[in-house]
Amino acid sequence: MSSLLSALNPEQLEAVTLPHQSALVLAGAGSGKTRVLTTRIAYLIQSGQVGSHGILAVTFTNKAAKEMLTRISSILPVNTRGLWIGTFHGLCNRLLRAHHQDAGLPQTFQILDSADQLAIIKRILKSLSADDAKFPPRQVQWFINNAKEEGLRASQVETYDDFAREMAVFYLAYEVQCNKEGVVDFAELLLRSYELLTRNEIVREHYRGRFRHILVDEFQDTSRLQYRWLRLLAGEQAAIFAVGDDDQSIYAFRGANTGNMKEFERDFRVSKIIKLEQNYRSQGNILDAANILIRNNSGRLGKNLWTSEGHGEPIRVFNAPTDFDEAAFIVDEVKALRAEGVALSQMALLYRSNAQSRVLEHALFNAALPYRVYGGMRFFERLEIKHALAYLRLIANPNDDNALLRVANFPVRGIGARSLEQLQSEATAQGTSLWTAMLRKYENGATSVPGSGNDTRLGIAGYKKPDKAKKGIEGFVGLLESMRQDCEGLPLPEIVAYMLEHSGLAAHYRAEREGADRLENLNELINAATSFVHEAEDDGLMLFLNHASLEAGEHQAGHGQDALQLMTVHSAKGLEFHSVFLSGLEEGLFPHDNSRNEAGGLEEERRLMYVAITRARRRLYLSFAQSRMLHGQTRYNIPSRFLQEIPDSLLKWPQPLQKTVNKTRELPPRSLGAGYAAQTHASPVRDAAASRWRIGQNVIHAKFGAGVIVNCEGCGADARVEVKFGRAGTKWLLLEYAKLLPA
DNA sequence: CTAGCTGCTGTTTTT
DNA sequence: CAGCAGCTAG
């Protein structure tokens, strides 16, 4: 026990050994947050305060949950299966599985990912013949998820205008459809289990009596509903140990509500907030940059990271002419670092949006550097995997319309859109699933067609067509029925292998010229199933499918080998690397344009930047490109304001070897409140006469501030340039009058 | 019924 | 530059 605690600093120790009371731990990046959580769990169990069954721990990602489990089991010989550690979604799923009847769900309920959800919504909008210009499916999806997040059912939605009324109708139809199919979306997992706990006293009291200690990781990212869920589950008895960092709240777009921290203080009478500010990860310069940057945000709880290590290296900033050059620079630096002995897996390339990975991947590929992309197209989201999963879902539950529609005609078996549409309306009319409708139709067809009262009334053509369609469906029904029968009792990996062969998927991709990768992925699915059986010690098909919906990532070919890590800043949260390359630091990209209109959008972007910076242990690269290919056209952006918020004294500007790059630092207008001199760096004298105005050039306007030329036309007195300014938007300026200065 | 073409649109971040 | 909906030709 003492060895367990001896390695902790005083604040960590205090947090770990807190008595049974609710507490808020403000844990800065790299301050040993996970360690505190796992050590506390081990401490609680080892000191006999609670059994392992009395602990519930919520993490933000499955990865974090897994890590926590392994760390705990390395400290303590506990049965990890009795521990309730997982994401909100994972825990809700567990709860609903255990009480599916009380929750009004079939035992085999399946989980929809957002793409599945969108598909259902599209189908519903179509069946209600809604005007999709007026009601874009995405917006309907957004509306439904928001309503659920507010805890509202379709019948409870406020219908203050026609639009909302219409939305409520869609929501209701969606609810009905999901119930019919026995599927739940992500938000539903939460809402449904929240309702279960609210309504069912027996279940509620059972869990309240059981979970005496509730630990919450990344508390700043909890949503309103999640917070209510926690409060409900905790009741009066449980102690909630909440660990979070308001500066790392980057999921507001998904409903995260930092206000929960203050509410938590009030609701649970938190008497003391413990702050963990000593950072064990990054060196001084990196930490200073992060601290100074985040100070530009308002309404922080307040926290300043410090380290006992030295300043370390300066932060390297690179100004690239194009995104292509940026990638080339990164490749060079990566090679150099590797030559110095840094493992590729200890280097990360971070970017704001997934689309940015393409250029980087291209450069890495050409340089023959192994890399691994996280996020983006996830394993379980790949088309061929979705098809395979659809078959598996149908084996588990043939009433899953989504799955059925996905593969009814894939591989092609002559079930066209028309027959499916027909089937759809029959299903709607009868209030059944498509599968049931198929069975009926098939049985009707089988009994009535031979007797055929039809042939007296219809011409041959008009009667052959439906006959053909029936054959397709008949074949499909037979296929599915035999698959369901044959898979009964088979171990999971064999079910997957069987399905791949008998569904015709394997054959389909074998025949396809470009199918090799897809085949490989399908084989990887068998591996995934095998390792799932291994890890979960359970071979339920249903469980595997849930695992697939809840944990979209982590399975990817090319496991294990030393590879560069590529991911968005969002998915880098919680990770650390020896070296971090943060690319695309441009206005419009990072901070992202879309964040401009959102309340608090800019501050969230800044927190995102803060997260990115604090991923680095020793070395941090920040880079931006003057021109970038985006959405099929070249765009010219000015450097991100965040660059400017970092003091020059922490920065170093390396130059690429052979290229002559504009050595001037071009920065956007200083934002309010920042207090460092922008012009301290040496700026080489510019040859004013020689610099003709050109696209991509950075300029300064007396009134509008810094900008970049994105277009020009005319000549002589008529010469005009279009300039995109950081603040004033994009404007056409007559060169004769506008006193433009080269930046 | 299918495959292949065109033309449109939308574009952040994720459990 | 996608990805997708809708259309046309086989």
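Lettering of chains follows the sequences in order, A, B, ..., and the numbering in each one begins at 1.
- Think of the region where chain A sits on DNA chain C: with heavy atoms and a 4.0 Å cut, that region ends 5' and 3' at C:dC1 to C:dA5.
- Within the 4.0 Å cut-off from OP1 or OP2 of B:dT14, at least one side-chain nitrogen or oxygen of A:Asn354 is found.
- Nucleotide B:dG10 holds its P atom 16 Å from the CZ atom of A:Arg635, rounded to whole Å.
- Residue A:Lys122 is classed as a sugar-phosphate contact, given heavy-atom separations below 4.0 Å to backbone atoms only.
- Which of B:dT14, B:dT15, B:dT12 sits closest to the side chain of A:Thr568 comes down to B:dT14.
- Per the geometry, CG belonging to A:Asn93 stands 15 Å off P belonging to B:dT15, to the nearest Å.
- When the side-chain nitrogen and oxygen atoms of A:Asn145 are compared with OP1 and OP2 of B:dT15, none of them lie within a distance under 4.0 Å.
- Atom C1' of nucleotide B:dT14 and atom CD of A:Gln141 are separated by 12 Å, given to the nearest angstrom.
- Distance from the side chain of A:Asn594 is smallest for B:dT11 among the nucleotides B:dT15, B:dT14, B:dT11.
- A salt bridge is absent between A:Arg254 and A:Asp221: the closest approach of a Lys/Arg side-chain nitrogen to an acidic carboxylate oxygen does not fall below 4.0 angstrom.
- Taking 4.0 Å as the cut-off between side-chain N and carboxylate O, A:Arg635 and A:Glu586 do not count as a salt-bridged pair.
- Rounded to a whole angstrom, the distance from the C1' atom of B:dT12 to that of C:dA5 is 25 Å.
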- Query: Taking it one step at a time, do A:His387 and A:Tyr509 satisfy ring-ring contact (aromatic ring centres under 6.0 Å, His included)?
  - Reply: CA-CA 12 Å; A:His387 284 137; A:Tyr509 287 116; 7.2 Å; no
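- Rounded to whole Å, atom P of B:dT11 lies 20 Å from atom CE of A:Met629.
- Atoms CG (A:Leu350) and P (B:dT13) sit 14 Å apart, rounded to a whole Å.
- Among the protein residues, A:Asn409 comes within range of the sugar-phosphate backbone only, with heavy atoms under 4.0 Å from sugar or phosphate atoms but none that close to a base.
- Here the side chain of A:Val412 is nearest to one of B:dT15, B:dA3, B:dT13, namely B:dA3.
- One interatomic measurement links the two molecules: CD of A:Glu218 to P of B:dT15, which rounds to 12 Å at whole-angstrom precision.
- Contacts with DNA chain B (heavy atom under 4.0 Å) in residues 251-260 of chain A: A:Tyr251, A:Phe253, A:Arg254, listed by number.
- Between the side chain of A:Asp185 and the main chain of A:Gln117, no donor-acceptor pair closer than 3.5 Å is present.
- For the residue pair A:Gln356 and A:Ser353, a side-chain donor N or O sits within less than 3.5 Å of a side-chain acceptor on the partner.
- Of the candidates B:dT14, B:dT15, B:dT11, B:dT15 carries the atom nearest the A:Asn62 side chain, counting heavy atoms from C-beta on.
- One cannot find a donor-acceptor pair under 3.5 Å joining the base of B:dT12 and the side-chain atoms of A:His592.
- Contact of the A:Leu479 side chain with the A:Arg413 side chain is registered, since non-hydrogen atoms from C-beta on lie closer than 4.5 Å.
- There is no side-chain donor-acceptor pair under 3.5 Å between A:Asp246 and A:Ser249.
- Atoms CG and CE, on A:Asp245 and A:Met261 in that order, are 7.0 Å from each other to the nearest 0.5 Å.
- Look at CD1 on A:Ile250: it is 13 Å from C1' on B:dT15, rounded to the nearest Å.
- Put simply, CH2 on A:Trp229 is 14 Å from C1' on B:dT15, counting in whole angstrom units.
- A salt bridge does not link A:Glu149 to A:Arg224: none of the charged nitrogens lies less than 4.0 Å from a carboxylate oxygen.
- Salt bridge annotation for A:Glu604-A:Arg607: present, with a cationic side-chain nitrogen under 4.0 angstrom from a carboxylate oxygen.
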